[in-house]
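Written out below as structure tokens is the structure these notes cover.
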2 protein chains.
Amino acid sequence: MGKNKQKTKAEILTITIPLFANEGYAGVSMRQIAKAVGIKAASLYHHFPDKQTLYIEALAQAFGKHADFMNEAFTLQATPEQRLRQLIHKLCILVTEDADFSRLMQREIMDGDEKRLKLLADQVFSDFFHDMNRLCRSFAPDRDPHLMTVSILGLVIYHYQIAPIRCFLPGFQASHNDPDIIGQHIFTLLKNEIEL
Amino acid sequence: MGKNKQKTKAEILTITIPLFANEGYAGVSMRQIAKAVGIKAASLYHHFPDKQTLYIEALAQAFGKHADFMNEAFTLQATPEQRLRQLIHKLCILVTEDADFSRLMQREIMDGDEKRLKLLADQVFSDFFHDMNRLCRSFAPDRDPHLMTVSILGLVIYHYQIAPIRCFLPGFQASHNDPDIIGQHIFTLLKNEIEL
DNA sequence: GTCTATAAAGGGATAGAC
DNA sequence: GTCTATCCCTTTATAGAC
């Protein structure tokens, strides 16, 4: 009844996502993808017209997975301080637990052309970013909300990005990879900004 | 007298660096490099035994270029506050003005194997990171210096990383790409940390 | 929906002339 | 030090059998 086709397509994408996340678009061949999926390369072209499309759909699946988180991170009614703490905590968990998502995002911001970036911004980040701006305004009304939002994202994301080399850098301790420790550090860093 | 060989080698690397920075290792072919340099692909193998070596030497040249900055950022005698402001300012200028350096670094942290990352950490960042830890201790003695150092780097670097998509995100203004504006924002964000 | 076979192009790398 | 020519392999993608 055609249900297998859809299922197989999503399965292919699920298997493909970590490959693109770890090796990049140019670093993964259709043969490698096919091998990982368990079919021959030619069969991939039954599901996707070309490699580009396969990549774009993998992106869409990887990013769509977290749409809920993006929208739910701001629902709870609480003080700005509590909401900021919650948000930082959830962001730390997100980047730590879905490395594929984070890496794909990083690569896409690096390599995506203008058209793809605009799509990513509008369809994935717009609402989330807007909510973050609003949160920033609520606890730091005198600050530029856009700059604050980027700063908070940078604080969380860079601690994750630098993880592969961090263990070789001066002052490293194992606890520095713990999302709770990192989240707590970032929250106290920003706490002074909060107007009580 | 063999002086041309050295000169040409450095010239090749200079031309190659932006290619690897923009397209990544797998995204650039020896033929593309040769074309950019203005010679044939086979001639590249007179200077470098293989593509890997060419890439590594390009990294070395791109990173070595900023060794002075890394070491000079902490020489001036001043209050911790002044030194922090100076450092943030110089970092903002660095990542803004040498996009190739920043992108290569980002790719290398993402894709480098353990051996290359250890080399990068020891030979490029060790002293700089150590100095940053010391600076952090001087203005925020109660904080973990490693976490503080990474946070400061993340604040600066992420504002640069997100630049390609930033203009599509809510609240963007042209001034958000100005290193002076970003630097000022980050400094005031950290200023509350400073023990006067 | 997957397979084999294959086309057409591009990849890294080498040999040997100049 | 650069060239042409070439080797051998991989790549993306298609055609057509099952």
Side-chain angles (χ1 to χ4, degrees), chain A residues 1-61 104 107-108 111-113 115-116, chain B residues 1-62 104 107-108 110-113 115-116:
Chain A
M1 298 167 201
K3 75 173 168 138
N4 265 357
K5 186 175 177 180
Q6 272 306 95
K7 196 188 170 199
T8 304
K9 199 168 174 180
E11 280 171 358
I12 292 171
L13 294 176
T14 301
I15 293 168
T16 306
I17 286 166
L19 297 180
F20 281 132
N22 289 321
E23 311 295 334
Y25 179 79
V28 181
S29 73
M30 295 296 271
R31 277 180 167 78
Q32 284 175 274
I33 294 169
K35 193 165 194 177
V37 172
I39 59 178
K40 295 295 171 185
S43 305
L44 288 173
Y45 290 89
H46 175 78
H47 302 276
F48 310 93
D50 53 31
K51 187 185 174 185
Q52 273 270 354
T53 306
L54 168 50
Y55 174 70
I56 303 276
E57 295 200 22
L59 280 188
Q61 186 168 109
L104 273 181
R107 291 194 191 277
E108 193 56 13
D111 299 331
D113 58 30
K115 188 184 141 204
R116 284 224 305 264
Chain B
M1 301 166 201
K3 73 173 172 142
N4 265 358
K5 185 174 176 181
Q6 272 307 97
K7 197 187 168 202
T8 304
K9 199 168 173 179
E11 280 172 358
I12 291 172
L13 294 176
T14 301
I15 294 168
T16 306
I17 286 167
L19 297 180
F20 281 132
N22 289 320
E23 311 295 333
Y25 180 79
V28 182
S29 72
M30 293 297 272
R31 283 175 168 80
Q32 283 176 274
I33 294 169
K35 193 166 194 174
V37 172
I39 58 177
K40 296 295 171 184
S43 305
L44 288 173
Y45 289 88
H46 175 78
H47 302 276
F48 310 93
D50 52 32
K51 188 185 176 186
Q52 272 270 354
T53 306
L54 168 50
Y55 174 69
I56 302 276
E57 294 200 22
L59 280 189
Q61 185 167 110
L104 274 180
R107 291 195 192 277
E108 194 56 13
M110 244 191 155
D111 299 330
D113 57 31
K115 188 183 142 203
R116 285 225 303 266

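We use all heavy atoms of the structure for the numbers below, so side chains are in, but hydrogens, waters and symmetry mates are not. Just so we're on the same page: letters track the sequence lines, and every chain starts at 1.
- Atom CD1 in I33(A) sits roughly 11 Å away from atom P in dA13(D) (whole-Å rounding).
- Side-chain atoms of R107(B) do not come within 3.5 Å of backbone N or O of G112(B) as any donor-acceptor pair.
- Distance from the side chain of S29(A) is smallest to dT11(D) among dT14(C), dT11(D), dA13(D).
- Here the nucleotide nearest the side chain of D50(A), chosen from dT11(D), dA13(D), dT2(C), is dA13(D).
- Between K51(A) and the phosphate of dT12(D), there is a side-chain N or O to OP1/OP2 separation shorter than 4.0 Å.
- Closest heavy-atom contact between A10(B) and Q61(B): O-OE1, 3.4 Å.
- Comparing dC3(D), dT2(C), dA13(C) by their closest approach to the side chain of I39(A) singles out dT2(C).
- Put simply, CZ on F48(B) is 15 Å from C1' on dT2(D), counting in whole angstrom units.
- The nucleotide whose nearest atom lies closest to any side-chain atom of H46(B) is, among dC3(C), dT11(D), dG1(D), dG1(D).
- Mapping Q32(A) and P49(A) onto DNA chain D via the closest heavy atom, the residue that lands nearer the 5' end is Q32(A).
- If you measure from atom CG of L44(B) to atom P of dT14(C), you get 13 Å, rounded to the nearest angstrom.
- One can place NZ of K35(B) at 15 Å from C1' of dG11(C), the figure rounded to the nearest angstrom.
- Interface remark: the R31(B) side chain does form a donor-acceptor pair with the dG12(C) base, using a distance-only criterion of under 3.5 Å.
- If you measure from atom NZ of K40(B) to atom C1' of dA17(C), you get 16 Å, rounded to the nearest angstrom.
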Run the side-chain contact (heavy atoms from CB on, under 4.5 Å) check on Y55(A) and E108(A) step by step: do they pass?
CA-CA 11 Å; Y55(A) 174 70; E108(A) 193 56 13; 2.8 Å; yes
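- When the nucleotides dT2(C), dT12(D), dT2(D) are ranked by their closest atom to the side chain of S43(B), dT2(D) comes out on top.
- Atom CZ in F48(B) sits 9.0 Å away from atom CD1 in I33(B) (nearest 0.5 Å).
- Residue Y45(B) places no side-chain N or O under 4.0 Å from the OP1 or OP2 atom of dT14(C).
- Comparing atom distances between the A42(B) side chain and each of dA5(D), dT2(C), dG12(C) picks out dA5(D) as nearest.
- Nucleic acid contact for V28(B): sugar-phosphate only, since backbone atoms but no base atoms lie under 4.0 Å from a heavy atom of the residue.
- Atom-to-atom, CE of M30(B) to P of dT10(D) comes out at 18 Å; the value is rounded to the nearest Å.
- Across every non-hydrogen atom of L44(A) and M30(A), the tightest pair is CD1-O, 3.3 Å.
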